[in-house]
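What follows is one structure encoded as structure tokens, with my remarks underneath.
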Amino acid sequence: LAKTTQPISMDSYEGQEVNITCSHNNIATNDYITWYQQFPSQGPRFIIQGYKTKVTNEVASLFIPADRKSSTLSLPRVSLSDTAVYYCLVGALGGGGNKLTFGTGTQLKVEL
Amino acid sequence: AAGVIQSPRHLIKEKRETATLKCYPIPRHDTVYWYQQGPGQDPQFLISFYEKMQSDKGSIPDRFSAQQFSDYHSELNMSSLELGDSALYFCASSTTRRGGETQYFGPGTRLLVL
């Protein structure tokens with residue numbers, strides 16, 4: 001499984017855009033990139049998933065360059081409720097039995 | 001939309017006791033994963049099942065066992081509990097679909113071993 005590296009913590013203010021970059025230099029051809037959000041004592045919540053280029057949904061965007069060795073999760077106009085740990089995960093998907101290997105996530109703190 | 005259901009949500013046990021955690025996946029999901037998250041730690045994969053067969057195994061102690069039943073719900077059985085087993089236990093479910101697979105997590109079971 002590809003190892004990921006992301007910042008341990010980030011601080012932001014309400015209304016700002018937050019970009020969290022994750023490095024995954026040894027990503028394999030059939031690997032997808034998935035981001036989860038986790039609040040204390042709650043289960044990780046799926047945010048977004050992509051394979052290449054750009055993916056956007058109602059809560060975030062995911063930018064993946066052509067070499068796929070990194071990815072950036074973009075959270076537009078964050079609020080206090082976005083304070084959480086964000087995990088970047090890389091792995092082959094499909095066919096069942098594809099465990100997620102959580103690395104050290106990024107603790108995002110949003111202030112007024 | 002229906003989510004993953006876990007029961008119980010909280011459990012207190014004594015050392016050397018046994019515990020059974022249950023997971024009910026999202027309807028029509030065929031894969032279940034179990035993760036353990038200790039205090040201040042990241043989730044760690046324990047075991048997974050696909051179509052009622054064990055599909056992968058992680059850092060699950062021999063004292064733990066699990067299975068997936070015909071209705072796709074899963075149970076994690078933990079015996080000879082130790083203090084270090086105190087953690088949040090998450091179940092996630094998924095189904096293989098074109099374009100990838102997304103795991104959806106339940107709210108977790110908080111196990112406290114005294």
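First the proteins, then the strands, lettered A, B, ... as listed; each starts at 1.
- Cluster membership for B/Tyr24 and B/Tyr89, using ILVMFWY side-chain heavy atoms within less than 4.5 angstrom, is not shared.
- Using a 4.5 Å cut-off between heavy atoms, B/Pro107 contacts chain A through its backbone alone, with no side-chain atom that close.
- Counting heavy atoms of neighbouring residues, nucleotides and ligands inside a 6.0 Å radius, atom CG of B/Leu114 exceeds 12 of them.
- Cluster annotation: A/Phe46 and A/Leu89 are assigned to the same hydrophobic cluster (Ile/Leu/Val/Met/Phe/Trp/Tyr, side-chain heavy-atom contacts under 4.5 Å, transitive).
- Counted within 6.0 Å of OH on A/Tyr13, heavy atoms from surrounding residues, nucleotides or ligands total 12 or fewer; the atom is thus considered open.
- For the pair A/Ser41/B/Arg110, a side-chain contact is recorded, criterion being any heavy-atom separation below 4.5 Å from C-beta on.
- Counting heavy atoms from C-beta outward, A/Gln42 and B/Phe90 have side chains that stay 4.5 Å or more apart.
- Proximity to chain A (any heavy atom under 4.5 Å) is shown, for B/Gln54, by neither the backbone nor the side chain.
- Taking CD1 of A/Ile48 as the start and OG1 of B/Thr102 as the end, the distance is 10.5 Å to the nearest 0.5 Å.
- Ring centers of B/Phe105 and A/Tyr36: under 6.0 Å apart, within the cut-off.
- Side chains of A/Pro44 and B/Tyr35 form no contact here, defined as non-hydrogen atoms less than 4.5 Å apart.
- The neighbour count for B/Asp62 CG, taken as heavy atoms of other residues, nucleotides or ligands under 6.0 Å away, does not exceed 12.
- Between A/Thr104 and B/Asp42, some side-chain heavy-atom pair lies under the 4.5 Å cut-off.
- Cluster annotation: A/Val59 is connected to A/Met10 through the hydrophobic network of ILVMFWY side chains, with a link wherever side-chain heavy atoms come within less than 4.5 Å.
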